[in-house]
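Positions are given from 1, in the same order as the sequence printed here. Just so it is clear, the model here is predicted, and its values are computed rather than measured.
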Amino acid sequence: MLNDLLKRNVDWSVERTEREPDYFARLSEQQAPEFFWIGCSDSRVPANVVAGLEPGEVFVHRNVANVIHSTDLNMLSALEFAVDVLHVREIIVCGHYGCGGIKASTEDMPHGLADHWLAPIRGIARQYAIDLGRLHSLEARQDMLAELNVVEGVRRIAETPILQRAWARGAKVCVHGLIYGLKDGRLRDLGCSVDMSIVAGGAV
């Protein structure tokens with residue numbers, strides 16, 4: 001399988017070079033993405049592919065169920081680099097329907113270390129227990145929880161000192177929340193975007 005992967009890489013490299021002879025030379029000179037994507041590690045939701053973007057156009061951080069932990073130094077380091085060094089203008093927190101992490105967070109069984117990682121999602125489920133309880137199927141409740149997890153992620157990103165400092169110095173960075181549908185391949189805007197003007201108005 002590794003040999004097959006390497007062959008696919010060679011084929012892709014050759015095909016890309018034939019279409020754009022200077023592609024790799026140009027790409028190697030500078031990383032200047034406009035987007036920072038925080039998404040789920042699920043193999044079915046690759047940021048570049050679902051967003052229709054090319055390599056070099058999106059800086060990516062992924063974890064199980066796209067959870068935003070305020071103590072996650074890996075995510076925070078990537079966020080700081082994206083905002084302070086790459087000067088991205090758009091930060092996207094993207095979840096997806098049919099998420100295994102969301103499903104695990106709703107199950108009454110042990111999942112090892114994942115149980116610690118998914119604790120914030122369980123907290124969201126408790127906070128919105130009445131709204132979730134109005135839905136008549138487990139799938140619908142899990143889909144709504146996936147959406148709520150994204151909305152909470154946007155809020156947590158906006159509250160980080162990294163974003164607060166960036167906005168204080170006038171950086172025009174916006175944080176968006178999207179959800180991806182595995183069944184139709186569509187990204188949906190959850191309408192929870194936060195930018196400098198909202199923060200200035202004290203809405204976060």
Side-chain angles (χ1 to χ4, degrees), residues 33-53 57-83 86 88-107 111-128 131-132 138-163 166 173-195 204:
E34 295 184 5
F35 301 94
F36 177 39
W37 177 287
I38 304 173
C40 182
S41 298
D42 194 302
S43 62
R44 299 167 294 179
V45 196
N48 285 69
V49 176
V50 303
L53 297 171
E57 293 182 333
V58 57
F59 189 59
V60 178
H61 174 84
R62 298 168 74 181
N63 64 53
V64 175
N66 48 276
V67 178
I68 306 299
H69 282 270
S70 59
T71 56
D72 180 2
L73 295 181
N74 187 355
M75 183 278 296
L76 291 172
S77 297
L79 176 64
E80 184 176 68
F81 187 79
V83 172
L86 297 178
V88 298
R89 301 290 296 273
E90 313 287 344
I91 298 171
I92 295 169
V93 180
C94 184
H96 67 97
Y97 299 128
C99 177
I102 296 292
K103 179 176 181 291
S105 73
T106 64
E107 294 175 337
H111 296 90
L113 287 174
D115 287 328
H116 300 279
W117 181 259
L118 298 172
I121 301 177
R122 293 193 180 92
I124 295 170
R126 289 191 294 271
Q127 182 181 354
Y128 291 92
D131 296 316
L132 291 166
L138 177 59
E139 181 180 7
R141 290 192 292 273
Q142 290 174 344
D143 285 350
M144 181 179 180
L145 189 54
E147 294 176 352
L148 292 170
N149 181 45
V150 169
V151 174
E152 176 66 11
V154 169
R155 185 187 67 80
R156 289 189 177 198
I157 289 292
E159 289 180 346
T160 62
I162 296 167
L163 263 293
V173 185
C174 190
V175 189
H176 308 280
L178 305 181
I179 194 87
Y180 175 73
L182 292 174
K183 295 179 180 179
D184 62 8
R186 297 292 182 87
L187 287 167
R188 294 168 175 81
D189 186 352
L190 293 177
C192 57
S193 297
V194 180
D195 61 20
V204 174

Exercise. Between atom CG of Leu53 and atom CD of Glu34, what is the distance when rounded to the nearest 0.5 Å?
Worked result: 9.0 Å

Seminar exercise, completed: For Ala158 and Leu163, the nearest pair of non-hydrogen atoms, with its separation, is O-CB, 3.9 Å

Problem set entry | Flag side-chain contact, heavy atom, 4.5 Å: Asp131 against Met144 | yes

Problem set entry | Donor-acceptor pair, side chain of Arg122 and main chain of Asp115, under 3.5 angstrom | yes

Problem set entry | Ile102 versus Ala65, closest heavy-atom pair with distance | N-CB, 4.3 Å

Problem set entry | Atom pair CG/CZ of Leu79 and Phe59 - distance to nearest 0.5 Å | 9.5 Å

Problem set entry | Atom of Asp143, atom of Gly98 and distance for their closest heavy-atom approach | OD1-N, 3.8 Å

Problem set entry | Qualifying salt bridge (Lys or Arg N to Asp or Glu O under 4.0 Å) pairs with a residue from residues 94-103, counting only residues at least two apart or across chains | Lys103-Glu107

For this session: Among residues two or more places apart or on two chains, list those pairs meeting salt bridge (Lys or Arg N to Asp or Glu O under 4.0 Å) that have a residue in residues 89-99.
Result: none

Exercise. Do the non-hydrogen side-chain atoms of Arg156 and Asp72 ever get within less than 4.5 Å of each other?
Worked result: no

Seminar exercise, completed: Closest non-hydrogen atoms of Trp117 and Pro120, given as atom of the first, atom of the second and distance, are O-CD, 3.3 Å

Exercise. If you draw a 6.0 Å radius around CG in Leu138, do more than 12 non-hydrogen atoms from other residues or ligands fall strictly inside?
Worked result: yes

For this session: Show your working on side-chain contact (heavy atoms from CB on, under 4.5 Å) between Phe36 and Val173 and close with a plain yes or no.
Result: CA-CA 10 Å; Phe36 177 39; Val173 185; over 6 Å; no

Exercise. Given the rule in the side-chain contact (heavy atoms from CB on, under 4.5 Å) test, do Gln142 and Thr106 qualify, once you have shown the distances and angles that lead to the verdict?
Worked result: CA-CA 8 Å; Gln142 290 174 344; Thr106 64; 3.1 Å; yes

Exercise. In Å and rounded to the nearest 0.5 Å, what is the CG to CD1 distance from Leu145 to Ile124?
Worked result: 6.5 Å

Seminar exercise, completed: Checking Leu178, Asn66, Val150, Val50 against Cys94 for side chain to side chain contact (heavy atoms under 4.5 Å, CB included), the one that qualifies is Leu178

Problem set entry | Lys/Arg N to Asp/Glu carboxylate O, Arg155 vs Glu152, below 4.0 Å | yes

Exercise. Atom CD1 in Ile157, atom CD1 in Ile162: separation rounded to 0.5 Å?
Worked result: 8.0 Å

Exercise. Do the side chains of Val88 and Phe35 get nearer than 4.5 Å, heavy atoms only?
Worked result: no

For this session: Output the distance between atom OH (Tyr180) and atom CZ (Arg186), rounded to the nearest 0.5 Å.
Result: 10.5 Å

For this session: Look at atom CZ of Arg188 and say whether more than 12 heavy atoms of other residues, nucleotides or ligands are closer to it than 6.0 Å.
Result: yes

Exercise. Where do Ser41 and Val64 come nearest, in terms of heavy atoms and distance?
Worked result: OG-N, 3.6 Å

Exercise. Under the 3.5 angstrom rule, does the side chain of Asn149 hit a backbone N or O of Gly95 as a donor-acceptor pair?
Worked result: no

Problem set entry | Chi angles and distances behind the side-chain contact (heavy atoms from CB on, under 4.5 Å) call for Val58, Ile92 | CA-CA 10 Å; Val58 57; Ile92 295 169; over 6 Å; no

Exercise. To the nearest 0.5 Å, how far apart are NE2 in His176 and CG in Leu187?
Worked result: 12.5 Å

Exercise. Judged by atom type as modelled, is there a donor-acceptor pair below 3.5 Å linking the side chain of Arg62 to the main-chain atoms of Asp42?
Worked result: yes

Exercise. Do Tyr97 and Glu147 meet the criterion of a side-chain donor-acceptor pair at a distance under 3.5 Å?
Worked result: yes

Exercise. Please walk me through it: do Val154 and Cys192 pass side-chain contact (heavy atoms from CB on, under 4.5 Å)?
Worked result: CA-CA 7 Å; Val154 169; Cys192 57; 3.9 Å; yes

Exercise. Which atom names give the shortest non-hydrogen contact between His116 and His69, and what distance separates them?
Worked result: O-CE1, 4.3 Å

